[in-house]
Every structure is written in C-alpha cells, then in structure tokens.
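When reading the values below, keep in mind they use all heavy atoms of this one structure, side chains included, and skip hydrogens, waters and symmetry mates.
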Amino acid sequence: MFSVDGTEYTLKYNTKKVKTIETVTKTSIIGEITKNNGVMPYATLEALFSFALVEETTGSPVRQKQATEMFEKVVQENGLISVNMAIVEKLQDDMAFMFR
C-alpha cells in the first residue's frame, strides 16, 4: 500500500483500533467520512494512519510515534487526497459493516 525507505507497509483496521482512534480524536470515523465527501481532517488521517500501520511482509505493527513520523513522508510523496482515499478504501475493506 505504502512504501517508505524501501519497506512496504499497509494498514489494518479492526473494531478495537477504530474505538481507540475515535477515543483519541474525540470524533466518529464514519461521521468524518460522510462529511465533505470523504475528505477528513489532517489530524484524523494521521491518527487513522499511525494506529493502523503494519509492515506488510511480517504483519508487525509499527510503533505509533514512528508511524506518525512516516505519515508526513507518505503525504509528501503521495499527496494528502491520495492518502485520504487509501485510508477510506482500507477502512471499507477491513470494516465493511461500518459502511452498510
């Protein structure tokens, strides 16, 4: 999904992670997605990225502090809208019940 310094990473969401992200951001993820045609605030995207980033080959979670630093690189390389859309698509794949 994302490549940083030659390593491939992906996002993995589950109910526990979404609850944690909603607690930290003090907002509903679905509520944010439905606002503004799916374009979410920068801080929400950063949280969605940093709490769910895993190394693709091993499935090992990336520490949140490191993932937060990587978020900036990924946004600079891919663009904020592209990262936003990738996060929404991954949420739809992993948490389909939230979108029904």
Side-chain angles (χ1 to χ4, degrees):
M1 177 172 262
F2 301 108
S3 181
V4 177
D5 298 328
T7 303
E8 296 296 319
Y9 296 92
T10 191
L11 300 170
K12 287 195 178 179
Y13 295 101
N14 59 38
T15 304
K16 184 178 177 182
K17 284 183 186 178
V18 170
K19 285 180 183 180
T20 300
I21 294 164
E22 288 183 337
T23 300
V24 169
T25 61
K26 296 179 172 77
T27 189
S28 163
I29 300 305
I30 290 299
E32 289 298 328
I33 290 171
T34 57
K35 291 181 192 175
N36 300 318
N37 296 319
V39 178
M40 292 182 278
Y42 192 91
T44 302
L45 290 171
E46 185 178 64
L48 283 163
F49 183 91
S50 65
F51 279 95
L53 192 67
V54 297
E55 189 174 333
E56 198 163 47
T57 55
T58 64
S60 303
V62 178
R63 293 181 185 255
Q64 187 187 3
K65 183 178 179 180
Q66 181 184 4
T68 300
E69 293 168 1
M70 293 169 64
F71 178 73
E72 185 67 33
K73 287 182 182 179
V74 170
V75 168
Q76 292 298 319
E77 290 177 15
N78 299 286
L80 187 60
I81 297 298
S82 294
V83 173
N84 186 110
M85 294 293 98
I87 289 171
V88 171
E89 287 174 12
K90 190 63 171 144
L91 276 166
Q92 289 173 328
D93 289 346
D94 291 353
M95 308 288 292
F97 71 91
M98 291 174 59
F99 297 88
R100 288 189 232 150

Looking only at heavy atoms, what is the nearest atom pair of [X] and [Y], with distance?
X: Leu91; Y: Ile33; result: CD1-CD1, 3.9 Å
X: Glu46; Y: Thr68; result: OE2-CG2, 3.5 Å
X: Ala67; Y: Leu53; result: CB-CD2, 3.9 Å
X: Glu22; Y: Ser28; result: OE2-CA, 3.6 Å
X: Met1; Y: Glu56; result: N-OE2, 3.7 Å
X: Tyr42; Y: Glu72; result: OH-OE1, 2.7 Å

Quick one: does any side-chain atom of [X] pair with a main-chain N or O of [Y] as donor and acceptor, under 3.5 Å?
X: Asn84; Y: Leu45; result: no
X: Tyr13; Y: Gln92; result: no
X: Asn14; Y: Lys16; result: yes
X: Thr25; Y: Ile21; result: yes

In one Ile/Leu/Val/Met/Phe/Trp/Tyr side-chain cluster, 4.5 Å: [X], [Y]:
X: Ile30; Y: Ile87; answer: yes
X: Ile29; Y: Met95; answer: yes
X: Tyr9; Y: Leu80; answer: yes
X: Phe2; Y: Met85; answer: no
X: Val24; Y: Met70; answer: yes

Open item on the list: When you compare the side chains of Glu8 and Ser3, does any donor N or O come within less than 3.5 Å of an acceptor on the partner?
Closed with: yes
- [ ] Answer with yes or no whether the side chains of Ser60 and Glu55 bring together a donor and an acceptor at under 3.5 Å.
- [x] no
TODO: Step by step, work out the side-chain contact (heavy atoms from CB on, under 4.5 Å) result for Glu77 and Val4.
DONE: CA-CA 9 Å; Glu77 290 177 15; Val4 177; 5.7 Å; no
Open item on the list: With ring pair (Phe, Tyr, Trp, His ring centres under 6.0 Å) as the criterion, how do Phe49 and Phe71 come out once you've worked through the C-alpha distance, each side chain's angles and the decisive distance to 0.1 Å?
Closed with: CA-CA 7 Å; Phe49 183 91; Phe71 178 73; 5.3 Å; yes
Task: Student check: side-chain heavy atoms of Leu48 and Lys17 closer than 4.5 Å - done: no
Open item on the list: Just verifying a value: how many Å separate Phe51 CZ and Leu11 CG, rounded to the nearest 0.5 Å?
Closed with: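 Phe51 atom CZ to Leu11 atom CG measures 13.0 Å (nearest 0.5 Å).
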Open item on the list: Does Lys12 have more than 12 heavy atoms from other residues, nucleotides or ligands lying within 6.0 Å of its NZ?
Closed with: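 Counting neighbours around NZ of Lys12, 12 or fewer heavy atoms of other residues, nucleotides or ligands fall under 6.0 Å, so no.
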Task: Chi angles and distances behind the side chain to side chain donor-acceptor pair (under 3.5 Å) call for Glu32, Thr44 - done: CA-CA 8 Å; Glu32 289 298 328; Thr44 302; 4.8 Å; no
